[in-house]
Amino acid sequence: MKKVFFLMVAFAFVGTAAMAQLEQKDYKKNQEEWDKKVKEDLKLTTDQVAKYDALNKEYSDKISAVAQDATLSKETQKERKMALKKEKEAKLFEFLTPDQQNKYRELIEQKKKDMEKTAKDKEKF
């Protein structure tokens, strides 16, 4: 009986770890696709691409640090992440042309609509 219980716990642990890994891979894949779309749709120059990549790395690290800070409540984490995203966007706009800024805003709006649609579709199931 103990062996069966142990096996069940082991399978549950492995399954949970596998799901977390899949979600992380999906997130990374989605982020890579988004970055590619931004670079192509905004027609970033070589210099802008370098700045964009550096900005993403810097803020990815900052956001990860907030997410991993167990001393913060979920609400505080969310607030800090949103503040970092706004800060990142302000720095991004420093090296984008006005046309690129407008196109970026359009991409963000489309992404929000797509996410809302996806959320509604998931609610159906």
Side-chain angles (χ1 to χ4, degrees):
M1 191 70 178
K2 287 182 183 179
K3 288 181 183 179
V4 172
F5 178 73
F6 176 75
L7 283 174
M8 288 174 52
V9 170
F11 282 127
F13 177 75
V14 170
T16 303
M19 288 301 291
Q21 230 174 7
L22 286 174
E23 287 177 15
Q24 188 175 13
K25 284 182 184 177
D26 286 346
Y27 174 78
K28 283 184 179 183
K29 181 181 174 192
N30 289 341
Q31 188 62 43
E32 288 171 5
E33 289 172 359
W34 170 255
D35 289 343
K36 182 179 176 185
K37 181 172 182 57
V38 168
K39 291 173 186 177
E40 289 175 358
D41 288 7
L42 299 185
K43 298 177 177 66
L44 298 182
T45 65
T46 306
D47 183 52
Q48 287 176 319
V49 167
K51 290 177 181 178
Y52 179 80
D53 289 341
L55 193 64
N56 278 341
K57 172 76 173 112
E58 176 187 349
Y59 279 87
S60 175
D61 292 345
K62 289 180 179 183
I63 290 171
S64 291
V66 170
Q68 294 174 359
D69 188 344
T71 64
L72 301 175
S73 69
K74 292 292 181 189
E75 187 62 32
T76 303
Q77 284 182 353
K78 184 177 178 180
E79 289 170 4
R80 290 195 181 168
K81 287 178 189 177
M82 291 304 292
L84 286 169
K85 287 180 182 181
K86 286 183 181 183
E87 187 179 304
K88 176 185 170 186
E89 187 174 87
K91 287 186 177 185
L92 174 65
F93 282 14
E94 289 176 6
F95 62 84
L96 293 182
T97 66
D99 287 341
Q100 289 172 321
Q101 291 174 14
N102 289 333
K103 182 64 179 171
Y104 183 80
R105 286 185 188 104
E106 290 172 13
L107 289 174
I108 293 293
E109 284 303 314
Q110 185 59 48
K111 186 176 181 180
K112 286 180 184 177
K113 288 177 185 175
D114 292 346
M115 289 173 65
E116 288 172 5
K117 183 181 182 303
T118 301
K120 286 180 182 178
D121 289 346
K122 285 184 179 181
E123 286 177 6
K124 291 179 184 177
F125 295 105

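In this text the structure is predicted, and so the values were computed from the model without any measurement. Position 1 is the first residue of the sequence, and the numbers go up from there.
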I need the minimum non-hydrogen distance between L44 and Q100, along with the two atoms involved.
CD2-NE2, 3.7 Å

State, without any angle test, whether E106 and N102 hold a side-chain donor-acceptor pair at a distance under 3.5 Å.
no

Shortest non-hydrogen separation from K81 to I63 and the atoms involved:
CG-CG2, 4.0 Å

Pairwise distance CH2(W34) to NZ(K39) - rounded to 0.5 angstrom:
13.0 Å

Gap between atom CG of D35 and atom CG of D53 - 0.5 Å precision
7.0 Å

Around atom NZ of K85, are there more than 12 heavy atoms of other residues, nucleotides or ligands at under 6.0 Å?
no

Spatial distance of atom OH (Y52) from atom NZ (K88) [nearest 0.5 Å]
5.5 Å

So how far is it from R105 CZ to I108 CD1, rounded to the nearest 0.5 Å?
10.5 Å

Which atoms form the tightest heavy-atom contact between Q48 and L96, and what is the distance?
NE2-CA, 3.9 Å

Salt-bridge criterion met for D61 and K57 (N-O under 4.0 Å):
yes

For a quick test of reading the model, state the closest non-hydrogen atom pair linking R80 to L72 and the distance between them.
NH1-CD2, 3.3 Å

Measure the CE-NZ distance between M115 and K113 for me, rounded to the nearest 0.5 Å.
14.5 Å

Carboxylate-amine/guanidinium contact K36 E32, below 4.0 Å
no

Lys/Arg N to Asp/Glu carboxylate O, K51 vs D47, below 4.0 Å
yes

Please assess D114 against Q110 for the test side-chain hydrogen bond (donor to acceptor under 3.5 Å, both in side chains), listing each intermediate value before the final yes or no.
CA-CA 6 Å; D114 292 346; Q110 185 59 48; 2.9 Å; yes

Taking only residues two or more places apart in sequence or in another chain, which ones pass salt bridge (Lys or Arg N to Asp or Glu O under 4.0 Å) with K111?
none

Which distance, rounded to the nearest 0.5 Å, do you find between the CG of L55 and the CD of E87?
9.5 Å

Is the shortest distance from a Lys or Arg side-chain nitrogen in K43 or D99 to a carboxylate oxygen in the other one below 4.0 Å?
no

